[in-house]
Number of protein chains: 2
Amino acid sequence: MTEAAPQPGPLARREGVSLWRQIQLALEGEIAAGRWGPGARLPTEAELTARFGVNRHTVRRAMEELEARGLVRVEQGRGSFVAEDVLDYRLGPRTRFSENIRRQNREPEGRLIRVAEMPAEASLAEALGIRRGRPVIVAERLALANGRPVVLGTHHFPAARFGRLPELLAANPSITAALAACGVPDYRRQVTRITARLPTPEEAELLQQSRNRPVLVTEAVNTDPQGAVVDVTIARYAAGRVQLVVES
Amino acid sequence: MTEAAPQPGPLARREGVSLWRQIQLALEGEIAAGRWGPGARLPTEAELTARFGVNRHTVRRAMEELEARGLVRVEQGRGSFVAEDVLDYRLGPRTRFSENIRRQNREPEGRLIRVAEMPAEASLAEALGIRRGRPVIVAERLALANGRPVVLGTHHFPAARFGRLPELLAANPSITAALAACGVPDYRRQVTRITARLPTPEEAELLQQSRNRPVLVTEAVNTDPQGAVVDVTIARYAAGRVQLVVES
DNA sequence: GACGACTAGTCGTCTAGACAAATTTCGGAC
DNA sequence: GTCCGAAATTTGTCTAGACGACTAGTCGTC
């Protein structure tokens, strides 16, 4: 790493632009210019500290920003790396994870995180069209593309109709397959609500993503061909790795 | 503010959970519990520092997290405040800002930030169906509901067909009205791409939102009834104030 | 009463230093 | 050669202190 640092020279102090932002912009530009390719390792904090002539905390503030923007990935004990490319994820009435991923020439994979049965609280019961307090099966599932976590979904099924789901999912973590085995060969997505926020620590952990990087949160309702509600799903996408696509 | 701080007592040190996260969780819980109503002012950093018995920087780290999650709003020189409620914004083939806002019983408003004409770069030209380098009208528009900024849109129109747009928009910042005056009485949205990231300083400024809070970014293409591309729009929504709704 | 300067309160940035936690490296034992 | 453990490297958290920037009020002058 004896490569000379690109010029624009020293930072402007007392000019109305904070030092950490100048550092952020400098690195952002160099990444955009391709100085380091996707996945490549960036200089360590110590090196950047020396290069810019500031305190380590100031460099860290800039890195936090870059990480939150999805441009770099920071790993404790390893270093910082330029982020990789993003995946298109189509949202539509017939959204299916595996198809979606395969269409982009990647290998889909599903991991069941946990399954539980619990009473439905008010708003969930209403969405599912059951009485409040009736049992609901809650399944948490992590979906990956080429081994990289993409989305964490929490599915809620009425237990009365889908009591066999836990065992089915344990054997094969495909929602579509499990529903088919329960007599629902097809289902359609009705509404999707989308928002963005920062992940909880557990979400960040499962999605292998920084806590400072947003997740796209979608809430959807699926119904069977007869119009009965099959499940309510809340999914959290690693915003840096996915782009949702809605076709009208 | 002589009100006693709620119990759970002192923070657990050296227990594997960082102090700032414990503080964040404590405040998050109290906000959820309704200790302070929406819009209410939170204790100052100095007060929180005293209450939790930590350094001010540690309290600040917790506040950053809460702000990024959209739970509080921090204003320099004034204090921190509990965030207010969110708006539903429907995305569909006939998405129109004003209708969308009025449906929620709020008052829509549009402000033209700037209009310019510039040559189309490659990917934009392709999306618009024109040659690279041909002139494009770029209009930046801030849309508000009840006086609060909701979305910042950057619209790109082929100048050959919509040369009158700048003057029209200057007189009335409604896109729909301006297009109607140019002979496009109706238009439909084709695809929408959705991602999330942190805002640039300018976006944060215009949306009156913190830099630590994500924006939902949508990219859409609108066509006229004959199928010709009318415009390409990139919109940035204040994620804490809006929820996108997709109906399938 | 209107305006402006001043001041206190509050958040924003930067520096400095220490230690913890996670990862990688490397040498020695076998 | 392989495995284990210590050491080095690198990022994460916390404390401490200083000063800048912005806000809102106070008080004096005109």
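Letters A, B, ... are given to chains in the order of the sequence lines, protein chains preceding strands, and every chain is numbered from 1.
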Could you tell me which non-hydrogen atom of [X] sits nearest to which non-hydrogen atom of [Y], and how far apart they are?
X: B:Ala83; Y: B:Gly70; result: CB-O, 3.2 Å
X: B:Glu30; Y: B:Trp36; result: OE1-CH2, 3.2 Å
X: B:Pro173; Y: B:Leu112; result: CB-N, 4.1 Å

Got a sec, which residues hit side-chain hydrogen bond (donor to acceptor under 3.5 Å, both in side chains) with A:Arg236, two or more places apart in sequence or on another chain?
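Residues passing side-chain hydrogen bond (donor to acceptor under 3.5 Å, both in side chains) with A:Arg236: A:Thr154, A:Glu203.
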
Should [X] and [Y] count as side-chain neighbours, where that means a heavy-atom distance under 4.5 Å?
X: A:Arg106; Y: A:Pro108; result: no
X: A:Thr44; Y: A:Glu47; result: yes
X: A:Leu144; Y: A:Phe97; result: no
X: B:Leu91; Y: B:Ile194; result: yes

Salt bridge (Lys or Arg N to Asp or Glu O under 4.0 Å) assessment of A:Arg103 paired with A:Glu99
CA-CA 6 Å; A:Arg103 183 169 22 214; A:Glu99 291 176 24; 5.7 Å; no

For C:dA22, take OP1 and OP2 only and decide whether either is under 4.0 Å from a side-chain N or O of A:Arg78.
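False: A:Arg78 side-chain N/O out of range (4.0 Å or more) of C:dA22 OP1/OP2.
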
Atom [atom1] of [X] to atom [atom2] of [N]: distance rounded to whole Å?
X: B:Arg61; N: D:dC14; atom1: CZ; atom2: P; answer: 9 Å
X: A:Leu48; N: D:dT10; atom1: CG; atom2: C1'; answer: 12 Å
X: A:Arg41; N: D:dT9; atom1: CZ; atom2: P; answer: 12 Å
X: A:Phe52; N: C:dT13; atom1: CZ; atom2: P; answer: 18 Å
X: A:Arg21; N: C:dT13; atom1: CZ; atom2: C1'; answer: 12 Å
X: A:Glu75; N: D:dG12; atom1: CD; atom2: P; answer: 10 Å
X: A:Glu45; N: D:dG12; atom1: CD; atom2: P; answer: 6 Å

Using five pairs at each end of the helix from C:dG1-D:dC30 to C:dC30-D:dG1 to define an axis, what is the angle between those two axes, to 10°?
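The angle separating the two end axes equals 10°.
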
What residues from residues 64-73 of chain A pass a heavy-atom cutoff of under 4.0 Å to DNA chain D?
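Residues of residues 64-73 of chain A that come under 4.0 Å of DNA chain D do not exist, since none gets that close.
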
Residues from residues 53-60 of chain B lying under 4.0 Å of DNA chain D - heavy atoms
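Contacting residues: B:Val54, B:Asn55, B:Arg56, B:His57, B:Thr58.
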
A:Asp231 and A:Thr233 side chains, donor-acceptor separation under 3.5 Å
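The answer is yes; a qualifying pair exists.
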
Compute whether any side-chain donor of one residue and acceptor of the other, for A:Asn105 and A:Arg102, lie under 3.5 angstrom apart.
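There is no such pair (donor and acceptor under 3.5 Å, judged by atom type) between the side chains of A:Asn105 and A:Arg102.
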
For residues 69-78 of chain B, which residue pairs qualify under side-chain hydrogen bond (donor to acceptor under 3.5 Å, both in side chains), counting only residues two or more places apart or in two chains?
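Those involving residues 69-78 of chain B are B:Arg73-B:Glu75, B:Arg73-B:Glu84, B:Glu75-B:Arg78.
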
Taking NZ, NE, NH1 and NH2 as the nitrogens, is one of them in A:Glu64 or A:Arg60 under 4.0 Å from a carboxylate oxygen of the other?
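No salt bridge links A:Glu64 with A:Arg60.
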
Looking at B:Leu207, is its backbone amide N or carbonyl O close enough to the side chain of B:Arg241 to form a donor-acceptor pair, meaning the two atoms are under 3.5 Å apart?
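Yes; at least one donor-acceptor contact below 3.5 Å.
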
So if I take every side-chain heavy atom of B:Val74 and compare against C:dA21, C:dC14, C:dC11, which nucleotide ends up nearest?
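Nearest to the side-chain atoms of B:Val74, counting from C-beta on, is C:dC11.
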
B:Gln76 side-chain proximity, nearest of C:dC11, D:dT15, C:dA21
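Of the candidates, C:dC11 comes closest.
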
Please enumerate all protein N or O atoms sitting under 3.5 Å from an N or O of nucleotides 4-7 of chain C, with distances to 0.1 Å.
none

